[in-house]
Asker: 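Starting off with a structure, shown below.
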Number of protein chains: 2
Amino acid sequence: MPALSLDALELIQIVAREGSFTRAAARLGKAPSAVTYAVRKLEEDLDVLVFDRRGYRAQLTPAGRVLLDEGRLLLEDAARIEAVVRQAERGWEPTLRIALDATLPFDWLVEHLGAWDAAGCPTQLRIGSEALGGTWDALVDDRADLVIGAAGDPPSAHAISIQPLFEVEFVFAIAPHHPLAQAREPLSSAERLAHRAIAVADSSRRLPAQSSGLLLGQPTLVVPTMEAKLELQRRGLGVGYLPRWLAAPLIARGELIAREVDEAKPTAHLLVGWRSARRGGQPGRALAWWRERLRGARPPASLDSASPVVGSIKAARSRRSGHGASARRSGRPAR
Amino acid sequence: MPALSLDALELIQIVAREGSFTRAAARLGKAPSAVTYAVRKLEEDLDVLVFDRRGYRAQLTPAGRVLLDEGRLLLEDAARIEAVVRQAERGWEPTLRIALDATLPFDWLVEHLGAWDAAGCPTQLRIGSEALGGTWDALVDDRADLVIGAAGDPPSAHAISIQPLFEVEFVFAIAPHHPLAQAREPLSSAERLAHRAIAVADSSRRLPAQSSGLLLGQPTLVVPTMEAKLELQRRGLGVGYLPRWLAAPLIARGELIAREVDEAKPTAHLLVGWRSARRGGQPGRALAWWRERLRGARPPASLDSASPVVGSIKAARSRRSGHGASARRSGRPAR
DNA sequence: AGGCATATTCTAAATTATTGAACATCTTGC
DNA sequence: GCAAGATGTTCAATAATTTAGAATATGCCT
């Protein structure tokens, strides 16, 4: 059993603030002797002298000052817990950890985050990024409560619920100066096998790692993010599939070219997933909000592939660079 | 006043662990009705249902689970505070923040850290690095409790105590291929003024920034650490004073040369400093330990300037690189 | 259904917190 | 130096709270 008590901690905050036992008692609407009694009890429980009473007025001892300072933080935490618990009773999770699949840029999420913000939900969001099997892995491993944009089947035997998000097409994209740009379409596996592939690293920690769109024995460069993959392929340092919406603007500008292949990577059906059957009844309201919100979600737009709207070149540029920066900001998942 | 109480928090930990009110009561050596009463009181205080009693055995509600999880952390904090306060009564500060002046490498401190470790003191150390006036600034600004290696006078009117550490000589060091290497000694201010100086940035945040060994109007490149300054001067990208012990090995190897100047930077008397007159009596024991320890401290040795001891070239190399790595590890001060 | 375990309710008892007055100590103003 | 005003303590009485124990109701298990 803790020797400390929050009430005692609060009391010495008030004593320290008021500067005397008597005034603290007045502030609390109690008799001075009650304060004496409470302080003495704290000191006995703790077996530590908190106030030095040799002088006229009680003075904090060094240990007392430590208790005061540390106690303040503890009281703040306690108050925070009270609030969080009250919200929990109304159905709001304390935090909701979202894992965003690498297929989707952070920017895509921003619009939804705006709506979330406007809704004024008390739940704290924590957004991470995962790739390939790592997205499901995050769910199974309890690093995330909601995954957005996972591809492929969820691991079975893990009580996971899903709903469809949308479909994403992939294109086999290479730099115009890449040797494969000269080959006749469709590109065969044998031709592709000879060139280095760029792959996004699977971020799984429990489930076995996967790869996607790679050929057995193909030299591969593994990068941590989709942005890195895009950049390397743009520079001709390797080849591979890219989401169409991501590659489209570069293809339009001629920085990348799409190539037909014999066995095209099939369209990915992205999913939203969460652990089903939360113990103790209904899922949280924050999770429910996001499920509902994502029911009508649309794929990322290819920002500058659309027919040019009115606006300066500078605006278009900033739109482009804005995308890159935000996507980078999404960063690696927290450990 | 907090509605929460640590005892109640502890109680629900035990109930959750034991799985029933009755067993929790047995574990606590109390009657079951006492547990019922305590839980009910917690729920009333908090105005939150913690257990669902509709079924046979009491089940945690979702809000109860949040309280359980968050409460566990709070209890751990409370226990930590108890320990820290008990140590505070024995004179140990909870933490001691040391600011090491950029003149001294982190490596120099390591030997003393070993002794500290061996002494088994319960105080937590936090080591940061500061430069020039920033060292005193850290003390005045309460970002550090003890500064090591500060040069110059401590700011007056700030109740700071000092003791001498040791003296450090400086040499005006340049790369052998630097234009100034051809000039006749002693180098005049006018000659030096024409060449870029490398300076370590003052890390002050409150006190006015200083510079040291610079000439008015001299082009200057400011770098964050002494290591960066050394490296730039070694490459001939600028000139300036370096601690003799730091420059000596490079001078011995011919990578730097020392040059006489007309107005040499005077030998620096490094100091150890701390805020005097801690409220409530004696200074902490951790601070006292360091003051005593540093009373007999010796300046950093120039690792490979000493006559070569028995040992392979490889060992000498690793000694060198070890130094660089450790110094870098000391990093920037925490915000 | 019967045995067992669980949680609650209720009252009396035990423990703990609070009061108010008397007292000692210290500061302050004169 | 001394009285007035604060401060903190002590102590016995009182109030509030927690606890125990028995009685009761309910659900699980076989």
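As the structure is a prediction and not an experimental result, all values here were calculated from the model. Residue numbers begin at 1 in each chain, while the letters A, B, ... track the order of the sequences.
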Asker: Does a salt bridge link B/Arg80 with B/Glu76, judged by any charged N lying under 4.0 Å from a carboxylate O?
Answerer: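 B/Glu76 and B/Arg80: not salt-bridged.
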
Asker: Check for a donor-acceptor pair, side chain of B/Asp52 on one end and backbone N or O of B/Thr61 on the other, with a separation under 3.5 Å.
Answerer: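 Checked: no pair found.
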
Asker: For A/Asp7 and D/dA16, what is the distance between atoms CG and P respectively, to the nearest whole Å?
Answerer: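 The distance from CG of A/Asp7 to P of D/dA16 comes to 17 Å, rounded to the nearest Å.
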
Asker: Report yes if at least one side-chain N or O of B/Thr22 is closer than 4.0 Å to OP1 or OP2 of C/dA5; otherwise report no.
Answerer: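 False: B/Thr22 side-chain N/O out of range (4.0 Å or more) of C/dA5 OP1/OP2.
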
Asker: Indicate, with a heavy-atom threshold strictly under 4.0 Å, whether A/Thr36 touches base, sugar-phosphate, or nothing.
Answerer: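 Since a base atom lies under 4.0 Å of A/Thr36, the category is base.
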
Asker: Measuring to OP1 and OP2 of D/dC28, would you say a side-chain N or O of B/Arg57 lies under 4.0 angstrom away?
Answerer: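 B/Arg57 to D/dC28 OP1/OP2: no side-chain N or O under 4.0 Å.
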
Asker: How many whole angstroms separate atom CZ of B/Arg53 from atom P of D/dT24?
Answerer: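 So the CZ-P distance, B/Arg53 to D/dT24, works out to 22 Å.
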
Asker: Tell me: CZ of A/Phe51 to P of D/dT9, nearest whole Å?
Answerer: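 Whole-Å distance recorded here is 10 Å.
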
Asker: Rounded off to whole Å, could you give me the CD-to-P distance for the B/Gln59 and D/dG27 pair?
Answerer: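 Going from CD in B/Gln59 over to P in D/dG27 covers 14 Å.
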
Asker: Does A/Arg23 place a side-chain N or O at less than 4.0 Å from the phosphate oxygens OP1/OP2 of D/dT7?
Answerer: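 Yes, because at least one side-chain N or O of A/Arg23 sits under 4.0 Å from OP1 or OP2 of D/dT7.
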
Asker: Determine, for nucleotides 16-29 of chain C in 5'-to-3' order, which nucleotides have protein heavy atoms under 4.0 Å from the base (write B), from only the sugar-phosphate (write S), or from neither (write -).
Answerer: SBBBB-----BS--

Asker: Check for a donor-acceptor pair, side chain of A/Gln124 on one end and backbone N or O of A/Leu96 on the other, with a separation under 3.5 Å.
Answerer: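 Flag not set: sc A/Gln124 to bb A/Leu96 has no pair under 3.5 Å.
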
Asker: Using heavy-atom distances to pick each residue's nearest nucleotide on DNA chain D, tell me which of B/Val35 and A/Phe21 is more 5'.
Answerer: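 Counting from the 5' end, the first nearest nucleotide belongs to A/Phe21.
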
Asker: Would A/Glu70 and A/Arg65 count as a salt bridge (Lys or Arg N to Asp or Glu O under 4.0 Å) here? Give the steps.
Answerer: CA-CA 8 Å; A/Glu70 304 284 328; A/Arg65 170 151 295 275; over 6 Å; no

Asker: At what distance, to the nearest 0.5 angstrom, does CZ of B/Arg206 lie from CZ of B/Arg143?
Answerer: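 Answer for the CZ-CZ pair, B/Arg206 versus B/Arg143, is 9.5 Å.
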
Asker: Whether the side chain of A/Trp136 engages the backbone of A/Ala151 through a donor-acceptor N/O pair (distance < 3.5 Å, no angle test) should be reported.
Answerer: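 Here the side-chain-to-backbone pair exists.
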
